[in-house]
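These notes concern the structure reproduced below.
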Number of protein chains: 2
Amino acid sequence: MATHRERPPHALQRAGLSRERVLGAAVALADEGGVEELSMRKLAKKLGVEAMSLYNHIASKDRLLDGMVDVVFSEIEPPSPGADWKQEMRKRAISTRSALNRHRWAVGLMEARPDPGEANLRLHEAVLACLRAAGLSYEAAIHAYSVQDAYIYGFALQERALALETSEEWVEAAERTLRDQQAALDAYPHIADIQHHLAAHGFSHEEEFLFGLDLILDALEERLADGRRGR
Amino acid sequence: MATHRERPPHALQRAGLSRERVLGAAVALADEGGVEELSMRKLAKKLGVEAMSLYNHIASKDRLLDGMVDVVFSEIEPPSPGADWKQEMRKRAISTRSALNRHRWAVGLMEARPDPGEANLRLHEAVLACLRAAGLSYEAAIHAYSVQDAYIYGFALQERALALETSEEWVEAAERTLRDQQAALDAYPHIADIQHHLAAHGFSHEEEFLFGLDLILDALEERLADGRRGR
DNA sequence: ACCTGAACACCGTTCAAGT
DNA sequence: ACCTGAACACCGTTCAAGT
């Protein structure tokens with residue numbers, strides 16, 4: 001190590017890239033402009049380098065996306081096996097939703113990558129460990145995991161589409177719809193009713209998320225009394 | 001109509017395109033090769049025409065995708081308002097899943113398009129009508145709709161990723177994982193256990209889907225006893 | 001009204017060449 | 001070992017021109 005030669009100060013040499021720097025910049029770029037804004041050329045420019053340099057650190061754009069997805073997985077807090085499984089699963093679901101809201105480009109990609117990254121596996125392992133420690137059979141654990149994840153990722157998908165953040169924005173959007181689309185809404189009276197309801201009461205993604213989450217967790221708890229006895 | 005002039009038989013003139021033909025070909029192309037295979041140029045070639053001709057029938061690729069998504073919505077059987085809401089919702093969920101399995105490219109797009117198409121609105125209206133006819137309050141209807149759709153679309157998302165069809169394929173895949181990734185699995189004992197379970201018992205997407213769906217519908221029925229009394 | 005060729009401003013990726 | 005320029009085979013879309 002001490003014998004390592006000093007790098008000569010050639011102008012071309014010193015970009016200082018690394019897999020981590022590339023991944024970090026890619027995530028930041030996608031966070032700002034969406035995944036369709038992410039091109040190898042733009043990413044390179046952001047790093048002060050030509051596009052082809054990136055290929056020294058990642059094999060292809062597809063592998064870049066794999067890495068980015070695993071960055072998102074690494075931000076999700078894994079459950080601990082000891083404590084109350086329902087509480088742990090609830091925290092993990094909330095943590096997942098907020099990671100997906102910070103990185104909206106990731107929603108469709110998280111479940112879509114074959115061969116998962118390390119952070120993905122670690123989280124996966126922790127969830128299974130928690131459920132098994134709670135006494136669930138393999139079948140019950142698979143069932144429980146499957147419903148929860150379908151719900152969490154599906155909810156995030158809808159939330160990404162319905163881009164309104166606050167309850168006030170919902171009121172405003174509903175009022176605008178009622179004003180501008182009045183004629184169209186005549187054909188869809190129940191949709192119109194719902195718009196009226198939203199204009200009057202607003203809407204909270206968070207509240208909505210927790211309603212469904214607790215519905216599912218409570219129902220699982222009831223059913224898994226059976227699962228625990230072998231079923 | 002009778003006075004309509006015969007079209008002269010010029011060589012360039014007679015492609016006979018229409019919005020419907022374009023949409024149909026686009027859906028077929030995406031069904032075969034996935035959405036990344038769908039380019040304006042390839043679509044045109046499939047229709048025996050140059051890419052630029054397509055722009056006489058659809059405004060842009062984005063509007064093409066809008067149209068394709070609405071084709072998928074049109075294949076989902078809407079619930080009827082009179083009958084048992086749980087049964088109607090169950091049938092509609094199953095119909096949605098099978099449409100999404102026929103058109104796997106659509107999964108991430110169905111919920112992602114601003115301004116919905118006609119088939120989308122018609123289905124949306126029918127679902128709300130069914131829930132309201134069953135006596136649910138606006139709040140309860142929104143809750144019920146939201147959980148169900150999150151689950152349905154989220155499940156389809158997972159199913160698309162886990163591309164294995166039959167239970168036998170699952171057994172085979174699990175066996176291969178256990179054989180090839182043995183070292184890696186040492187670090188993740190619970191994942192390894194699940195793979196063993198899958199290798200022994202197989203896995204059915206359909207069964208899994210129905211477990212979660214019925215869990216949710218039953219739980220909704222219980223809670224909505226309150227929703228019906230105004231809550 | 002519908003179709004087209006040429007062109008523009010982009011893509012991801014390969015490959016030989018530089019240091 | 002890392003970075004680059006030129007090149008290849010693609011994209012979506014515009015625009016003027018054809019019939």
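We name chains A, B, ... by the order of the sequence lines, and we start the count at 1 in each one.
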Checklist entry - Between A:Gln148 (side chain) and A:Ala144 (backbone), is there a donor-acceptor pair under 3.5 Å? => result yes
Next on the checklist: In this structure, how many angstroms lie between the C1' atom of D:dG12 and the CG atom of B:Leu38, rounded?
Outcome noted: 12 Å
Next on the checklist: Less than 4.0 angstrom between a side-chain N/O of B:His57 and OP1 or OP2 of C:dC3, yes or no?
Outcome noted: yes
Checklist entry - Parallel under 30°, tilted from 30 to 60°, perpendicular over 60°: which one fits the rings of A:His124 and A:Tyr145? => result tilted
Checklist entry - Would you say a side-chain N or O of B:Ser39 is under 4.0 Å from OP1 or OP2 of D:dC11? => result yes
Checklist entry - Which of the following nucleotides, D:dG5, C:dT4, D:dC3, is nearest to the side chain of A:Val49? => result D:dC3
Checklist entry - With under 30° as parallel and over 60° as perpendicular, where do the rings of A:His197 and B:Tyr138 fit, or are they tilted in between? => result tilted
Checklist entry - Using 4.0 Å as the upper bound for N to carboxylate O, is an ion pair formed by A:Lys91 and A:Glu88? => result yes
Checklist entry - A:Lys61 has an atom NZ; how far is it from atom C1' of D:dC10, in whole Å? => result 14 Å
Next on the checklist: Less than 6.0 angstrom from the centroid, inside 45 degrees of the normal: does B:Arg122 satisfy that with respect to the ring of B:Phe73?
Outcome noted: no
Next on the checklist: Nearest whole Å is fine: how far is C:dT13 P from A:Tyr55 OH?
Outcome noted: 4 Å
Checklist outcome for this item: Stems for DNA chain D (at least 3 consecutive Watson-Crick or G-U pairs, under 3.5 Å) come to C:4-8 with D:12-16, C:12-16 with D:4-8
Item to check | Rounded distance (Å) that lies between atom P of D:dG12 and atom NZ of B:Lys42 | outcome: 9 Å
Checklist entry - In whole angstroms, how far is the P atom of D:dA6 from the CZ atom of A:Arg41? => result 13 Å
Next on the checklist: What is the distance, to the nearest angstrom, from the CG atom on B:Leu43 to the P atom on D:dC11?
Outcome noted: 11 Å
Checklist entry - For B:Met40 and C:dG5, what is the distance between atoms CE and P respectively, to the nearest whole Å? => result 17 Å
Item to check | Donor on one side chain, acceptor on other, B:His103 and B:Glu75, under 3.5 Å | outcome: yes
Checklist entry - Salt bridge between A:Glu32 and A:Lys46, side-chain N to carboxylate O under 4.0 Å? => result yes
Next on the checklist: Is B:Ser53 close enough to C:dT4 that one of its side-chain N or O atoms is under 4.0 Å from OP1 or OP2 there?
Outcome noted: yes
Next on the checklist: Using whole Å, what does the distance between atom C1' of nucleotide C:dC11 and atom CE of A:Met52 come to?
Outcome noted: 11 Å
